[in-house]
K.L.:
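Can you keep this structure in mind? I'll have questions shortly.
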Amino acid sequence: MSKIEEVAAAVESGKVKKIQGLVQEAIDAGCDPNAILNEGMIGAMNVVGDKFQKNEIFVPEMLVAAKTMKKGVEVLKPHLAGDAVGSMGTYVLGTVAGDLHDIGKNLVGLMIESAGFKVLDLGVDVPAEKFVEAIKANPDCKVVGASALLTTTMDSLRNTVQVMIDAGCKEQVKIMVGGAPITQAFADEIGADAYTPDAGAAAVMAKKLAMGE
Ligand code: B1M
């Protein structure tokens with residue numbers, strides 16, 4: 001088994017205590033940090049999701065896998081870092097109301113921070129009004145990001161974007177959206193300025209939008 005496969009297996013089976021050592025071993029062995037993240041950890045979460053869908057595992061196992069991934073990302077974080085933190089202004093980020101998934105959102109935050117933003121993470125289950133408050137309280141915020149990870153919270157994302165538009169936020173910020181069920185077509189339909197399928201693309205897009213491109 002390769003080092004990355006070992007990381008994937010540990011996330012899949014929820015080896016919370018072992019994960020940090022295994023990620024460190026993979027880094028020491030020269031594995032690309034992005035491959036450890038994408039092929040190892042995100043790949044494992046997809047397997048976990050499939051097993052959940054087939055009723056082979058249940059919510060507690062999903063939670064342990066999520067906790068394991070978070071621990072692993074802590075070790076990986078310094079190896080994914082990039083530009084000086086804060087130089088691109090504040091990036092307001094959150095998972096929309098009704099949605100408790102935060103791993104994808106946290107990865108977006110990590111990559112956005114690596115692109116030079118100071119990330120203001122509002123957390124999960126964030127009411128639309130909180131996004132508006134955070135944007136207005138941070139005049140250096142030019143881009144905001146909202147995640148929805150469930151098909152059942154896509155409407156909450158729609159509402160979040162609408163509340164931001166109604167509050168006049170588009171005069172100050174560009175609105176980015178993402179999450180597994182979100183598509184470019186849906187983003188266009190709800191009036192978002194940008195959609196990206198993953199965290200890496202989100203960081204590139206955030207930079208472009210902040211620079212007015
Ligand atoms: Co949930 N869950 N979950 N879950 N969960 C999914 C999403 C699901 C697909 C599993 C399945 O059935 N196959 C399914 C949703 C089905 C649907 O949408 N109809 C599901 C379900 C049903 C549920 C519950 C309803 C289960 C229940 O209670 N019966 C419940 C809902 C709770 C709620 O939110 N109200 C629930 C609960 C949970 C846990 C709490 C147990 C746990 C979350 C723990 C946590 O996040 N702290 C959990 C987990 C772990 C999952 C899976 C297994 C993994 C999610 C994840 O972290 N993926 C998931 C199955 C799956 O995803 N394959 C599943 C890895 C992550 C890196 O990917 O989040 O897609 P993702 O983020 C990506 C991109 O989407 C993108 O970039 C990220 C990284 O590249 N992206 C953006 C995300 N945000 C972005 C923002 C951007 C741009 C890109 O710009 C701003």
Side-chain angles (χ1 to χ4, degrees), residues 8 11-14 16 34-74 76 80 91-115 117 119-126 131 134-135 141-157 160-161 164 173-184 186-187 190 192-210:
V11 170
E12 214 184 301
S13 54
V16 182
N34 287 304
I36 300 174
L37 180 64
N38 294 320
E39 292 162 31
M41 300 196 223
I42 297 181
M45 291 311 283
N46 288 334
V47 175
V48 168
D50 288 346
K51 285 189 176 170
F52 174 76
Q53 218 162 10
K54 291 182 197 148
N55 288 323
E56 289 170 15
I57 61 164
F58 301 96
V59 169
E61 285 96 332
M62 275 211 287
L63 264 177
V64 180
K67 195 172 168 193
T68 309
M69 170 146 180
K70 276 190 192 172
K71 283 246 160 220
V73 169
E74 281 171 22
L76 213 50
L80 295 167
Y91 186 102
V92 170
L93 176 66
T95 301
V96 297
D99 201 320
L100 302 175
H101 294 85
D102 70 354
I103 296 179
K105 184 262 298 164
N106 292 347
L107 286 177
V108 170
L110 181 65
M111 298 307 280
I112 297 268
E113 193 179 290
S114 303
F117 290 85
V119 174
L120 175 55
D121 188 342
L122 305 177
V124 295
D125 193 15
V126 181
F131 281 94
I135 291 163
C141 174
K142 295 195 203 96
V143 197
V144 57
S147 292
L149 290 319
L150 294 165
T151 48
T152 47
T153 52
M154 288 170 75
D155 261 342
S156 177
L157 180 64
T160 302
V161 172
M164 288 193 270
V173 295
K174 296 280 186 200
I175 303 171
M176 286 175 59
V177 295
I182 310 306
T183 59
Q184 182 67 57
F186 184 73
I190 65 174
D193 296 297
Y195 157 79
T196 61
D198 59 51
V204 174
M205 178 63 78
K207 245 178 147 166
K208 266 192 189 169
L209 293 175

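Computed from a prediction, not measured in an experiment: that's the story for all the values here. Order of appearance sets the numbers: ligands from 1, and atoms from 1 within every ligand. Any value given below was found using the heavy atoms of this structure, including those in side chains, with hydrogens, waters and symmetry copies removed. Here, residue 1 is the first one in the sequence, and each next residue gets the next number.
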K.L.:
Out of all atoms in ligand 1, which are within 4.0 Å of some heavy atom of Gly179? Include the element for each.
P.N.:
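With Gly179 as reference, the close atoms of ligand 1 come out as 75 (O), 81 (N), 82 (C), 83 (C), 84 (N), 85 (C).
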
K.L.:
Going through the distances and angles, do Leu100 and Thr95 end up as a side-chain contact (heavy atoms from CB on, under 4.5 Å)?
P.N.:
CA-CA 7 Å; Leu100 302 175; Thr95 301; over 6 Å; no

K.L.:
Check whether any protein heavy atom sits under 4.0 Å from atom 49 (C) of ligand 1.
P.N.:
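Yes, at least one protein heavy atom sits under 4.0 Å from atom 49 (C) of ligand 1.
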
K.L.:
State, to 0.1 Å, how close Ile190 and Val161 come at their nearest heavy-atom pair, and which atoms those are.
P.N.:
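Nearest pair, atom of Ile190 first, then Val161: O-CG1, 3.2 Å.
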
K.L.:
Can a donor-acceptor pair be found, under 3.5 Å and without considering hydrogens, that links the side chain of Asp99 to the backbone of Leu150?
P.N.:
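Indeed, once roles are kept as given, a pair shorter than 3.5 Å links the two residues.
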
K.L.:
For ligand 1, is Tyr91 a contact, meaning one of its heavy atoms is under 4.0 Å away?
P.N.:
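The answer is yes, since Tyr91 has a heavy atom less than 4.0 Å from ligand 1.
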
K.L.:
Taking Thr183 for its side chain and Phe186 for its backbone only, find out whether a donor-acceptor pair lies under 3.5 Å.
P.N.:
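Checked: pair present.
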
K.L.:
Starting from atom 68 (O) of ligand 1, find the nearest protein heavy-atom neighbour and note its residue, name and distance.
P.N.:
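Here the closest protein heavy atom is Gly104 CA, 4.3 Å.
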
K.L.:
Nearest to atom 58 (N) of ligand 1, what protein heavy atom do you find, and at what distance?
P.N.:
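Answer for atom 58 (N) of ligand 1: Met45 CB, 4.0 Å.
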
K.L.:
Closest non-hydrogen protein atom to atom 80 (O) of ligand 1, residue and atom name please, with distance?
P.N.:
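Atom 80 (O) of ligand 1 sits closest to the protein heavy atom Ala199 N, 3.1 Å.
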
K.L.:
Return yes or no for this condition: an N or O of Thr151 is under 3.5 Å from an N or O of ligand 1.
P.N.:
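Yes, at least one N or O pair falls under 3.5 Å.
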
K.L.:
Heavy atom of Pro181 under 4.0 Å from ligand 1?
P.N.:
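Under 4.0 Å: no for Pro181.
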
K.L.:
Would you mind running through ligand 1 and noting each atom that sits below 4.0 Å from a heavy atom of Asp99?
P.N.:
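Numbered from 1, ligand 1 contributes 34 (O).
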
K.L.:
Glu61: which residues meet the side chain to side chain donor-acceptor pair (under 3.5 Å) condition with it, sequence neighbours left out?
P.N.:
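Side chain to side chain donor-acceptor pair (under 3.5 Å) list for Glu61, sorted by chain: empty.
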
K.L.:
Among all protein non-hydrogen atoms, which one is nearest to atom 89 (C) of ligand 1, and what is the separation to 0.1 Å?
P.N.:
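So the nearest neighbour among protein heavy atoms is Thr196 O, 3.3 Å.
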
K.L.:
Can you name the nearest heavy-atom pair linking Pro181 to Ala148, along with the distance?
P.N.:
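Heavy atoms only, the tightest pair is CD-O, 3.3 Å.
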
K.L.:
Do Thr153 side-chain atoms and Gly98 backbone N/O form a donor-acceptor pair below 3.5 Å?
P.N.:
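No.
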
K.L.:
What are the two closest non-hydrogen atoms of Leu107 and Met69, and how far apart are they?
P.N.:
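Looking at all heavy atoms of both residues, the shortest contact is CD1-CE, 3.7 Å.
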
K.L.:
Let me see the working for Val108 and Val119 under side-chain contact (heavy atoms from CB on, under 4.5 Å), right down to the final yes or no.
P.N.:
CA-CA 10 Å; Val108 170; Val119 174; over 6 Å; no

K.L.:
Go through ligand 1 atom by atom and flag the ones less than 4.0 Å from a non-hydrogen atom of Ala146.
P.N.:
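Result: 91 (C).
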
K.L.:
Give yes if a backbone or side-chain nitrogen or oxygen of Asp102 is under 3.5 Å from a nitrogen or oxygen of ligand 1, and no if not.
P.N.:
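For ligand 1, there is an N or O atom that lies under 3.5 Å from one belonging to Asp102.
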
K.L.:
For residues 42-55, run the donor-acceptor check on the side chains, cut-off 3.5 Å, and write out each pair with its distance to 0.1 Å, sequence neighbours left out.
P.N.:
residue	atom	partner	partner atom	Å
Lys51	NZ	Glu12	OE2	3.1

K.L.:
Closer than 4.0 Å and a protein heavy atom, does any atom meet both conditions relative to atom 8 (C) of ligand 1?
P.N.:
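Answer no: nothing from the protein, no heavy atom, is under 4.0 Å.
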
K.L.:
Tell me whether Met205 reaches ligand 1 (any heavy atom closer than 4.0 angstrom to a ligand atom).
P.N.:
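No heavy atom of Met205 comes that close to ligand 1.
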
K.L.:
Of all heavy-atom pairs between Met176 and Tyr91, which one has the smallest distance, and what is that distance?
P.N.:
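That closest heavy-atom pairing would be SD-OH, 3.4 Å.
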
K.L.:
Strictly less than 4.0 Å: does any protein heavy-atom distance to atom 25 (C) of ligand 1 fall in that range?
P.N.:
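Protein heavy atoms within 4.0 Å of atom 25 (C) of ligand 1 - there are none.
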
K.L.:
For atom 62 (O) of ligand 1, grab the closest protein heavy atom and report residue, atom and distance to one decimal in Å.
P.N.:
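Here the closest protein heavy atom is Asn46 OD1, 4.2 Å.
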
K.L.:
Among all protein non-hydrogen atoms, which one is nearest to atom 57 (O) of ligand 1, and what is the separation to 0.1 Å?
P.N.:
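Result: Ile103 CB, 3.3 Å.
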
K.L.:
Give me the atom names and distance for the closest heavy-atom approach of Ile112 to Ala206.
P.N.:
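Answer, listing the atom of Ile112 first, then Ala206: CD1-CB, 3.6 Å.
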
K.L.:
Give yes if a backbone or side-chain nitrogen or oxygen of Met176 is under 3.5 Å from a nitrogen or oxygen of ligand 1, and no if not.
P.N.:
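Met176 vs ligand 1: no N/O contact under 3.5 Å.
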
K.L.:
Give, for atom CG of Asn34 and atom CG of Asn38, the distance between the pair rounded to the nearest 0.5 Å.
P.N.:
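Between Asn34 CG and Asn38 CG, I get 6.0 Å after rounding to 0.5 Å.
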
K.L.:
Nearest 0.5 Å, what's the CD1-NZ distance between Ile103 and Lys70?
P.N.:
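Going from CD1 on Ile103 over to NZ on Lys70, the span is 6.5 Å.
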
K.L.:
Run the numbers for me: atoms of ligand 1, each under 4.0 Å from some heavy atom of Gly98, listed by number.
P.N.:
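Per the distance check, 33 (C), 34 (O), 35 (N).
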
K.L.:
Going by the atom numbers of ligand 1, which of them fall below 4.0 Å from some non-hydrogen atom of Gly145?
P.N.:
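Within the 4.0 Å cut-off of Gly145, ligand 1 contributes 91 (C).
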
K.L.:
Would Met205 and Val143 satisfy side-chain contact (heavy atoms from CB on, under 4.5 Å), going step by step from the backbone distance to the final call?
P.N.:
CA-CA 10 Å; Met205 178 63 78; Val143 197; over 6 Å; no

K.L.:
How does Thr153 reach ligand 1, if at all, at less than 4.0 Å between non-hydrogen atoms: by side chain, backbone, both, or neither?
P.N.:
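The answer is neither.
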
K.L.:
What atoms in ligand 1 come closer than 4.0 Å to a heavy atom of Ala180?
P.N.:
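The atoms of ligand 1 under 4.0 Å from a heavy atom of Ala180 are 70 (O), 75 (O).
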
K.L.:
What heavy-atom pair brings Leu93 and Phe131 nearest, and what distance separates the two atoms?
P.N.:
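That would be C-CE2, 4.2 Å.
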
K.L.:
When you measure from atom 67 (C) of ligand 1 to each heavy atom in Leu37, Leu107, Ile182, which option holds the nearest one?
P.N.:
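It is Leu107 that holds the nearest heavy atom.
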
K.L.:
Show me the donor-acceptor pairs within less than 3.5 Å that the side chains of residues 192-203 make with the rest of the protein, sequence neighbours left out.
P.N.:
residue	atom	partner	partner atom	Å
Asp193	OD1	Lys170	NZ	3.3
Asp193	OD2	Ile175	N	2.7
Tyr195	OH	Ile182	O	3.1
Thr196	OG1	Asp198	O	3.4
Thr196	OG1	Ala202	N	3.4
Asp198	OD1	Gly200	N	3.2
Asp198	OD1	Ala201	N	2.8

K.L.:
Just to confirm my output: which protein heavy-atom neighbour is closest to atom 74 (C) of ligand 1, and how far is it?
P.N.:
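The protein heavy atom lying closest is Pro197 O, 3.5 Å.
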
K.L.:
Do you know how many protein N, O or S atoms are within a distance smaller than 2.8 Å of atom 1 (Co) of ligand 1?
P.N.:
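Every protein N, O or S atom under 2.8 Å from atom 1 (Co) of ligand 1 counted, the figure is 1.
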
K.L.:
Using distance alone, decide if ligand 1 has a nitrogen or oxygen within less than 3.5 Å of any nitrogen or oxygen in Ala66.
P.N.:
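Not met; the criterion fails.
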
K.L.:
Below 4.0 angstrom, counting only protein heavy atoms, does anything approach atom 37 (C) of ligand 1?
P.N.:
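True for atom 37 (C) of ligand 1.
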
K.L.:
One pair to check against side-chain contact (heavy atoms from CB on, under 4.5 Å): Ile36 and Met41. What are the steps and the verdict?
P.N.:
CA-CA 7 Å; Ile36 300 174; Met41 300 196 223; 4.2 Å; yes

K.L.:
Would you mind checking which non-hydrogen protein atom is closest to atom 84 (N) of ligand 1, with the distance to 0.1 Å?
P.N.:
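For atom 84 (N) of ligand 1, the nearest protein heavy atom comes out as Ser147 OG, 2.7 Å.
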
